[in-house]
Student: 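Below is a structure I'd like to ask you about.
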Protein chains: 2
Amino acid sequence: MMPRKPEYDRDALIGRARDLFWRHGWAGTSLKDLERELHLKPGSFYAAFGSKDALFALAMERYTQEGVARLTEFADKFGPKAALKAQTTFVIEAPELPSKACMLAKTYAELQAREHVLAQKAAKHMTEMKACFTNLFRRAQEAGEIGQDHDPERLAARYQSDLLGLRLSAERTDVDAGLIAADIAADLDRL
Amino acid sequence: MMPRKPEYDRDALIGRARDLFWRHGWAGTSLKDLERELHLKPGSFYAAFGSKDALFALAMERYTQEGVARLTEFADKFGPKAALKAQTTFVIEAPELPSKACMLAKTYAELQAREHVLAQKAAKHMTEMKACFTNLFRRAQEAGEIGQDHDPERLAARYQSDLLGLRLSAERTDVDAGLIAADIAADLDRL
DNA sequence: TATATATTTGAGTGATCGTTCAAAAATTGG
DNA sequence: CCAATTTTTGAACGATCACTCAAATATATA
């Protein structure tokens, strides 16, 4: 009397979908693309995820949670300030990334003008990341790694802004993103 | 025997199209949107511009040429270094702008993964802007406004990257872009 | 005013969009 | 093997996409 189980690994599919969405964006990723990449026919797709937008939301959540996890891991290993410095080189060098640019920033830029729900969710996740940076700057301050005469929130906003620019620059062929990353890291040492 | 003339002002239409594309992006702007905004029926539209992509290319050219013109104007009025500083506040404060974010960056981010022709054109225009920045940094150096121990091209790449991040940050509601702009300008003074 | 030549109009093209759904296939417990 | 329950399958839906084109309309010269 018990039914069969699905053949796919839902978690793995979310990861693959995230990569597709990350690379090609929301409008740039069609259901045909997803069906091909996830090996799912329409019926299975909608049974598993409900809609393209619902899957996109899951993909962004996965993206953010992994980003926070990596940053936390860096901080545990190297300390708060070194983690922030390591992040600058990681985001432009990690070869497994589907795109150098930030998925949240791409989504926000693409959908914000239409006030799409996914743009709001992207914004929420970016706020989440910013809080993560703020926390690291505060810890760096407490550890004496950077001066006391700075507002951690302001530092975080600037740092996040720099990262967005850096990661977009890293997509270009006429820019040496390594130099920019080095300059951003050097700025952290001057705080 | 001479025919009638078109009712529209082609140059003005390109400007309005640029604003639409700038705000909503390439995929986010449909021909219906353009017809509504430009008051053109399909036939007139294709007679005037050939295709959506052709008009988008014209819009990017207009965008870039006006950007270069404004920067040149700033430099003539205030000098090279002050022009670079003025640009940081202008891009986030000018109320007439359809979007704070850079149209070229948005286009590149949206279409690069599919290797769309318009992404290549956006990249070309960004290179053009970068050269403009390089030129200003070089002039600032010659004027003694910044130290000699810097590579103008490297400074330009970093500056452009910072601007991209700043302008994307300016689209967010949870970030005070003015503070970031001030920090970027302050960095220029430390060179 | 008649004619030549252009623009304007809008219905219509095939393709693709995200999505639905009923039938077919598969798996597990009885 | 049968029955219950689920997943898988793929044809098809209406909407929208960028775009075409022939007919209607307007203008400027002769």
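The sequence lines fix the lettering, A, B, ..., with proteins before strands; numbering per chain opens at 1.
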Student: Check the distance between C:dG18's C1' and A:Phe49's CZ and give it to me in whole angstrom.
Tutor: 16 Å
Student: Is the shortest side-chain N to carboxylate O distance from B:Asp19 to B:Arg23 below 4.0 Å?
Tutor: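 Salt bridge between B:Asp19 and B:Arg23, a charged N being under 4.0 Å from a carboxylate O: no.
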Student: Give one of base, sugar-phosphate or nothing for A:Ser44, where a contact means two heavy atoms less than 4.0 Å apart.
Tutor: base
Student: According to the interplanar angle, ranging from 0 to 90°, do the rings of A:Phe137 and A:Tyr159 count as parallel (below 30°), tilted (30 to 60°) or perpendicular (above 60°)?
Tutor: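 If you compare the ring of A:Phe137 with that of A:Tyr159, the planes turn out perpendicular.
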Student: I'd like to check B:Arg16 versus B:His39 (side-chain heavy atoms, cut-off strictly below 4.5 Å). Are they in contact?
Tutor: yes
Student: A:Trp26 ring centre to A:Lys106 NZ or CZ under 6.0 Å, with the angle to the axis within 45°?
Tutor: no
Student: When the nearest nucleotide of DNA chain C is assigned to B:Phe45 and to A:Gly50 on a heavy-atom basis, which residue is associated with the more 5' position?
Tutor: B:Phe45
Student: Do the side-chain N or O atoms of A:Lys41 get closer than 4.0 angstrom to the phosphate oxygens (OP1, OP2) of D:dT8?
Tutor: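 For A:Lys41, the contact criterion (side-chain N or O under 4.0 Å from OP1 or OP2 of D:dT8) is not met.
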Student: Send over the distance from A:His116 NE2 to C:dG18 P, rounded to a whole Å.
Tutor: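 Rounded to whole Å, this separation is 11 Å.
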Student: Filter on side-chain hydrogen bond (donor to acceptor under 3.5 Å, both in side chains), then keep only pairs touching residues 84-105 of chain B, sequence neighbours left out; what's left?
Tutor: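 Pairs touching residues 84-105 of chain B that pass the test: B:Lys85-B:Asp189, B:Ser99-B:Glu171.
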Student: Mapping A:Gly43 and A:Asp33 onto DNA chain C by nearest heavy atom, which one lands closer to the 5' end?
Tutor: A:Asp33
Student: Name the closest nucleotide to the A:Ser30 side chain, picking from D:dA18, D:dG10, C:dC17.
Tutor: C:dC17
Student: Considering only D:dA11, D:dC19, C:dG18, which nucleotide approaches the side chain of A:Pro42 most closely?
Tutor: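 For A:Pro42, the side-chain atoms sit closest to D:dA11.
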Student: In whole Å, what is the span from the CG atom of B:Leu55 to the P atom of D:dA18?
Tutor: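 Computing the B:Leu55:CG to D:dA18:P distance gives 12 Å.
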Student: Write down the distance between CD (A:Glu35) and C1' (C:dG18), rounded to a whole number of angstrom.
Tutor: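 From A:Glu35 CD to C:dG18 C1': 10 Å.
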Student: Rounded to whole angstrom units, what separation is found between the CG atom of A:Asp9 and the C1' atom of D:dT7?
Tutor: 16 Å
Student: CG of A:Leu31 versus P of C:dA15: gap in Å, rounded?
Tutor: 20 Å
Student: Is any side-chain N or O of B:Tyr46 closer than 4.0 Å to OP1 or OP2 of D:dT20?
Tutor: no
Student: Measure CG/B:Asp53 against C1'/D:dC17 and give the value in whole Å, please.
Tutor: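 B:Asp53 atom CG is separated from D:dC17 atom C1' by 13 Å.
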Student: Could you state the atom-to-atom distance from NZ of B:Lys52 to P of D:dA18 in whole Å?
Tutor: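 Roughly 4 Å, once rounded to whole Å.
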